[in-house]
Amino acid sequence: MFAVPTNEEKQAVWDAYNVHKPIRVPLAWGHNSRVVMLDPTLNPEGYTYEQMLNDPETPLIMLPRWEEYGATVLADTCDVIKKLPDVWTLWVENHNIYDGAYFGAYFGGTVQFCDGQVPSIEPFLTEADIDSFMAFDFNTAPLENPWIKDRLAFREKLVDAAKGFEHLGRKGQVVPMTLGFDGPLTVATIVFGTDIYPFMAAEPEKARELLLFITRACIERNRQLNTLACLPEKSEAGGLADDSIQLISGSMYEEVVLPAHELWYSETSTSTRETKNRGIHLCGDATRHFRMLKEKLGIYAFDTGFPVDHGWLRSVLGPDVTISGGPQVDIMCNGTATECYDVTRDILQSDVMEGGRFSLREGNNLPPCVPIENLQAVYRACLDHGWY
């Protein structure tokens, strides 16, 4: 065992990190509802994601359970403040199906529910369908999209179900339904499958227009959802994910994908290349693109996956770029506590801490059923080797 820092000690670490005067590397796990939904010990009733997306009673049970787990059990293994919320946050859970379901509503895409997995959508078009896809008008009335209408109607059911709801003496609040964006190439891969990659090589100009088309449609969809939720049209900081760029070369990224990324940042935030407040989430082996993303798009915050050579990445990006990452999830799930400790120690000793802009997490997204002793081992390594 080890002495878990107090809430006050944790807050001091975050406060120092946030003003660029770090005293220690902070650790915060990235996780979502699957850590309870797909863990039989935390979900002994066997609630499924099909129920989570269609039965308004299920989110009332499982979302507070997940939030409670993060604020209690997981808080003892990282620098999250250990404190239950005053009000439970309830929302329409969509995971990463929203882009595929949105476009698939008109082209035959269907949500798949597989045992032991989060929801997904299999590719539903081929290269032969690209022209008809790009001829479709997604922008005139995005809130009339059948999938969007279904999700908004489900939110109203959730609001009704939450009346009188209480867990541990705390009520629940249903937040507005808003959507993110998984990135133009990732969305194109969801829609067209592997057909998109030879198409990009054979017709790069048309592929660039396809990715811009997808991006514009998602910008308008999200803009109207934000308006419905009385939220600002643009954020101050820019954020994006596009995991599939790990599958292409740097030259193909620059020629075909980069224009759509710039469009997203400029249309959804007030950030520019010069403001240095753009971030990106990239799982997988995408670090070869990071220098270009910094230089061409002004991205100064990278949420990494695996594999990552953290020391090399720091040398490439420089001391002023924020890097978030940590032990790969297969070690977290299947390794020993000693292995988790050693991998974390090696990351912290790799020069990635230079400049004070590194934060620890798993690489990338905490899976269900990770042994608590492995989480504790990563935190111990952080407390032993993460000081400046």
Give the C-alpha distance, both sets of side-chain angles, the deciding distance and a yes or no for salt bridge (Lys or Arg N to Asp or Glu O under 4.0 Å) between Arg170 and Glu68.
CA-CA 11 Å; Arg170 294 161 170 82; Glu68 178 187 354; over 6 Å; no
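Side-chain polar atoms of Asn374 and Tyr341 form no donor-acceptor pair below 3.5 angstrom. At a cut-off of 3.5 Å, with distance as the only test, no side-chain donor of Tyr379 or Thr344 sits close to an acceptor on the other residue. Side chain to side chain, Glu50 and Asn54 fail the donor-acceptor criterion of an N or O pair below 3.5 Å. When only modelled atom types and interatomic distance are considered, Asp129 and Ser132 share no side-chain donor-acceptor pair under 3.5 Å. Between the side chains of Arg361 and Ser324, not a single donor N or O lies within less than 3.5 Å of an accepting N or O.
If you look at Phe181 and His261, their ring centroids are not closer than 6.0 Å. Aromatic ring centres of Phe136 and Phe103 lie farther apart than the 6.0 Å criterion allows. His281 has its ring centre no less than 6.0 Å from the ring centre of Phe302. Between His31 and Tyr69, the ring centre distance reaches or exceeds 6.0 Å. Ring centers of Phe199 and Tyr197: at least 6.0 Å apart, outside the cut-off.
In this structure, Glu373 does not pair ionically with Arg380, as no charged nitrogen and carboxylate oxygen lie closer than 4.0 Å. Using a cutoff of 4.0 Å between basic side-chain nitrogens and carboxylate oxygens, Glu267 and Arg223 are scored as salt-bridged. A salt bridge links Asp76 and Lys82; the closest N-O separation between the charged side-chain nitrogens and carboxylate oxygens is under 4.0 Å.
With hydrophobic clusters built from ILVMFWY side chains whose heavy atoms lie under 4.5 angstrom apart, Trp387 does not share a cluster with Met353.
Just one residue in the list Thr186, Asp182, Asn32 forms a side-chain hydrogen bond (donor to acceptor under 3.5 Å, both in side chains) with Asn96, and that residue is Asp182.
Taking the six-membered ring for Trp and thresholds of 30 and 60 degrees, Trp88 and His167 have ring planes inclined between 30 and 60 degrees apart. The aromatic rings of Phe133 and Phe107 lie tilted to each other, with the angle between the two planes from 30° to 60°.
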